[in-house]
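Chain letters run A, B, ... following the sequence lines, proteins first and then strands; every chain starts at 1.
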Amino acid sequence: MASRSSSSSSSRLLPPEFYSRPTPQVAHDLIGKVLVRVLDKKRRLAGVIVETEAYGHADDPASHAHRGPTARNRVMFGPVGVAYVYFTYGSHHCVNVSARSPDRAPAGAVLIRSIEPVEGVGVMQNLRGTGNPLLLASGPGRLTQAMGITLLQNGLDMTVPGSGLCIEEAGDLEGGRRQVVSTPRIGITKAADLPWRFVDPSSRFVSRRLPAFAPSIPEQHSRSS
DNA sequence: CGCTCGATATTCT
DNA sequence: GAATATCGAGCGA
């Protein structure tokens, strides 16, 4: 088959230019894109990104890069489109992709918090030890476990084919454009007012529901205060 | 349902 | 020693 038709994945690969923009804008635009993990020759896992967060540099006290480069965060200061994986709370991995305007910001990355599983759901269920689709990859720790992402993937270039971890433009299977709303970031205490978390408010696969986009719960019988 | 707590790497005080 | 970009088990209302 010479025609490059349906499943030519590398043609949909997001290029470095996509990540060479202000980090919050990249985080916003990643909603609706497809995170792809290739475990080996045959097992391809994929899901639609429905929740992200932007992390900056010296101007963002919640960011790992706030106090300058360290052994852990050095990817945030390097080329864009590279996987930044870290281990936290003694139990969980989280995956980011480095993103920033290279000539304007010294560091930056987008934390990928939740996906809607699309391909390889059975493998994800095995890796997670649950069959509940809402608990498969909704939340940064769950997502990395579902996709088999560990510190071994730290530093991978996500803009080239064959690295085993990349992000693609959505195809017909993943549906059309997504709504995007912004909210404060989750699990931080500093800079908690910055609206640098981005979600598809119509997705059931976000890691947490917030008042910012909660469905109308009118005070029918609970008129307090 | 909501709250507390353990896991324990990495960084900072 | 304390805090953290988390998750899930345990416990009580």
Within 45° cone of F18(A) ring axis and under 6.0 Å: R21(A) NZ or CZ
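Pair R21(A)/F18(A) counts as cation-pi.
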Non-neighbouring partners of H28(A) that pass ring-ring contact (aromatic ring centres under 6.0 Å, His included), sequence neighbours left out
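For H28(A) the ring-ring contact (aromatic ring centres under 6.0 Å, His included) partners, ignoring immediate neighbours, are F198(A).
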Sorted by first residue and then second, give each ring-ring contact (aromatic ring centres under 6.0 Å, His included) pair with at least one member in residues 132-171 of chain A; sequence neighbours left out.
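Not a single pair qualifies under ring-ring contact (aromatic ring centres under 6.0 Å, His included).
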When you measure from the side chain of [X] to the backbone N and O of [Y], does any donor-acceptor pair fall under 3.5 Å?
{"X": "S182(A)", "Y": "W196(A)", "value": "no"}
{"X": "T144(A)", "Y": "G141(A)", "value": "yes"}
{"X": "R185(A)", "Y": "P195(A)", "value": "no"}

In whole Å, I'd like the distance from the NE2 atom of H92(A) to the C1' atom of dC5(B).
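Rounding to the nearest Å, NE2 of H92(A) and C1' of dC5(B) are 13 Å apart.
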Atom-to-atom span, NE2 of H64(A) to P of dT11(B) - whole angstrom
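From H64(A) NE2 to dT11(B) P: 9 Å.
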Taking the [atom1] atom of each, how far is [N] from [M], in whole Å?
{"N": "dG8(C)", "M": "dT10(B)", "atom1": "C1'", "value": "22 Å"}
{"N": "dA2(C)", "M": "dG6(B)", "atom1": "C1'", "value": "16 Å"}
{"N": "dA3(C)", "M": "dT4(B)", "atom1": "P", "value": "16 Å"}

Heavy-atom side-chain proximity of V95(A) to Q153(A) below 4.5 angstrom
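With C-beta onward as the side chain, the pair stays apart.
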Between Y55(A) and Q145(A), just flag the one whose closest nucleotide in DNA chain C comes earlier from the 5' side.
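Nearest nucleotide further toward 5': that of Y55(A).
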Which residue lies toward the 5' end of DNA chain C, G141(A) or T189(A), if each is placed at its nearest nucleotide?
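The residue closer to the strand's 5' end, by nearest nucleotide, is T189(A).
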Between residues 105-126 of chain A and DNA chain B, which residues have a heavy-atom gap below 4.0 Å?
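Within residues 105-126 of chain A, no residue comes under 4.0 Å of DNA chain B.
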DNA chain B contacts among residues 72-91 of chain A, heavy-atom distance under 4.0 Å
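Heavy-atom contacts with DNA chain B come from R72(A), F87(A), Y89(A), G90(A), S91(A).
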Just by distance, no angles: are the side chains of [X] and [Y] close enough, under 3.5 Å, to form a donor-acceptor pair?
{"X": "R113(A)", "Y": "S207(A)", "result": "yes"}
{"X": "S203(A)", "Y": "E116(A)", "result": "yes"}
{"X": "H64(A)", "Y": "Y84(A)", "result": "yes"}

N-O pairing of [X] and [Y] below 4.0 Å:
{"X": "E51(A)", "Y": "R197(A)", "result": "yes"}
{"X": "D60(A)", "Y": "K190(A)", "result": "no"}
{"X": "R44(A)", "Y": "E119(A)", "result": "yes"}

Dot-bracket encoding of pairs in DNA chain B, which uses [ ] for pseudoknotted crossings and | for another strand, Watson-Crick or G-U under 3.5 angstrom:
|||||||.||||.
On the nucleotide dT10(B), are OP1 or OP2 found under 4.0 Å from the side-chain N or O atoms that R67(A) carries?
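For dT10(B), neither OP1 nor OP2 has a side-chain N or O of R67(A) closer than 4.0 Å.
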Which nucleotide span of DNA chain C, 5' end to 3' end, has atoms closer than 4.0 Å to non-hydrogen atoms of chain A?
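The contact span of chain A on DNA chain C goes from dT4(C) to dG8(C).
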